[in-house]
Amino acid sequence: MTRTDLANIIFPNLEHDIDYYNAKYPKRNLTDEQYVTRFAPSPTGYMHIGNFFSALVDYIIAHNTNGIFYLRNEDTDKAREVSDAVEKIMNTLNYYHIKPQEYQAGDVIVGEYGPYIQSERKEIYHAFIKYLIEIGRAYPCFCTKDELDEKRLHQEKAKLRTGYYGGFAKCRQVDVDEAIERIKKGEPYVIRFRSKGIHEKKFIFDDLVKGKIELPENDQDIVIMKSDNLLPTYHFAHLVDDHLMHTTHVVRGEEWLSSVPVHIELFEAFGYEPPKYIHVPLIMKQDGDKKRKISKRKDPEASMSYYEELGYPPLAVIESLMTIINSDYEEWHTANPDKNFLDFTFRPDKMSPSGALYDLEKLNNISKDIISKMTKEKLYELSYNWAKKYSDSLKTLIERDKEYYMDILNIERVQDKPRKDIAYYSQIENLIWYMYDDLFTNNGSYSFKNINNINEIKLILNTYMDKYFDISNKDVWFQKIKDMCDELGYASNMKEYKKNPELFKGNVADVSTVLRICLTKESMTPDMYEIMHLLGKERVFNRYLDFIKGN
Ligand code: GLU
């Protein structure tokens, strides 16, 4: 019996061979300068910020080079699969306007190189595995789990490298006749790759981020097809897919770095050119005085759903990641404030090879800046869309009176230095609640600062309402408050106050704080003149009169 007989017994009903698939998926009609990248998540129902980081790099590379960015669903690990995970991944990419040019949604395949779901590519993988068996680079392995456990224990005890290699690769020795006989008897098996590597020899390759990397050659006979569902392992599936889909650049997390020798050995076994690899660093966070990996278990910000649920504008998250994707991004962005991140040319050598520090503080600043530049209409639209999904209370508030909501958002918006107090939409309600009379009445509490004597506060409010309230224009408004300070014995001029504080009961800032707290129950708000203007005289007076009555 020959290896071809063995291959035919293992795969008796294959319709096509690898030549067929190589012809079916010809080279793409692109130049060498147009790169093909892919985002290849496993559908585990959770998008880690590290996955998104890779997807963003993929997207920018394809965009920079006028190439192709496609989405591939790597669902060969059926045990870990979550049912609506693919939908979630698509939704997340959509939220960030990151659109793959090729993808598959259910039965709908967009692109010429599909299917893009690995579990639908079984036949294709089988053809490639069959070929490896025929050329002697793959073989069935009948070792049971117990046998493998025992081998590992023995290796550990003897302080040897663990794994299925060299003399430990028992089923390498099983000849074709015996293999066929055991298969015919129904003995379960997996298919392993037959490595030709020598561990003691160095393997050198060029990672576009990390530069030249030296690792030991691979000598492990890794499993390439599992026994239960006959699906390939990630290592093998990615080789076949990236080859047939003509991926030029594989962007993935650095946890895959140690697998590169086996991956390249797989490509070489077929005589195919491997793609270029870009291993992106782990995303780190500052934790006290230590830097550590952002962890799925400990850090909510590890999940991409965190940013969407809080209501960060997508661009803010993207921009904040861009600052760690390339060290010169911020400089470029400052020099080109009107350009989009997609206009930036990504350079893998400008990516930190050793861990990218992600900073939520920085994200907040970027986001505040982006939101501050939105028109009231835009912010209304985006925050309303967010509220429809995540906050019934904000949604209801907006729906009461859309124009009024926009007017509130517009306070200190249309000016040279607009307000920058909103980093994400879920903060909005907390910043505007007092602009609604019922919420003002039923929530919050008065907590005074320097002036806290109730009679003095009432005196200020009464005097203000009787003689000094004027919102006809901002200068007049403030002059009136100062005039009132002079009348009541507060310094209207801060310089004079600082010189001789003992001459005054307090100063104009203290008096303004009283007016502000009685108006909003907050000691910090955007411009009080604009607030009063929007509320109007009657509502301002009602609030002051209610305070006087109630205290
Ligand atoms: N499915 C793999 C993962 O989710 C993808 C790795 C790769 O991009 O090649 O980790």
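Atoms within a ligand are numbered from 1 in the order they appear, just like the ligands themselves. All values derive from a computational prediction rather than experimental measurement.
Checked against a 3.5 angstrom limit, the closest N/O atoms of E74 and ligand 1 fall inside it. Considering backbone and side-chain N/O atoms, Y234 comes within less than 3.5 Å of an N/O atom of ligand 1.
Between D206 and K212, at least one side-chain N (NZ, or NE/NH1/NH2) sits under 4.0 Å from a carboxylate O, which counts as a salt bridge. Comment: E74 engages R72 in a salt bridge, judged by a side-chain N to carboxylate O separation of less than 4.0 angstrom.
Atom 5 (C) of ligand 1 has its closest protein heavy atom at A40 O, 3.1 Å. When only non-hydrogen protein atoms are considered, atom 3 (C) of ligand 1 lies nearest to S42 OG, 3.8 Å.
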List the atom pairs, donor and acceptor, that lie under 3.5 Å between side-chain atoms in residues 30-39 and the rest of the protein, sequence neighbours left out.
unit_1 : atom_1 : unit_2 : atom_2 : d
T31    : OG1    : E33    : N      : 3.3
T31    : OG1    : Q34    : OE1    : 3.4
Q34    : OE1    : T31    : N      : 2.9
Q34    : NE2    : N66    : O      : 2.8
T37    : OG1    : D58    : O      : 2.9
R38    : NE     : D242   : OD1    : 3.0
R38    : NE     : D242   : OD2    : 3.3
R38    : NH2    : D242   : OD2    : 3.0

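By the criterion of a heavy-atom distance under 4.0 Å, the side chain of W256, and not its backbone, is placed next to ligand 1. Of the heavy atoms in R38, only side-chain atoms (C-beta onward) come closer than 4.0 Å to ligand 1.
In this structure, Y46 and H48 have tilted ring planes: the angle between them lies in the 30° to 60° band. Using the six-membered ring where Trp is involved, Y424 and Y312 have ring planes that are tilted, between 30° and 60° apart.
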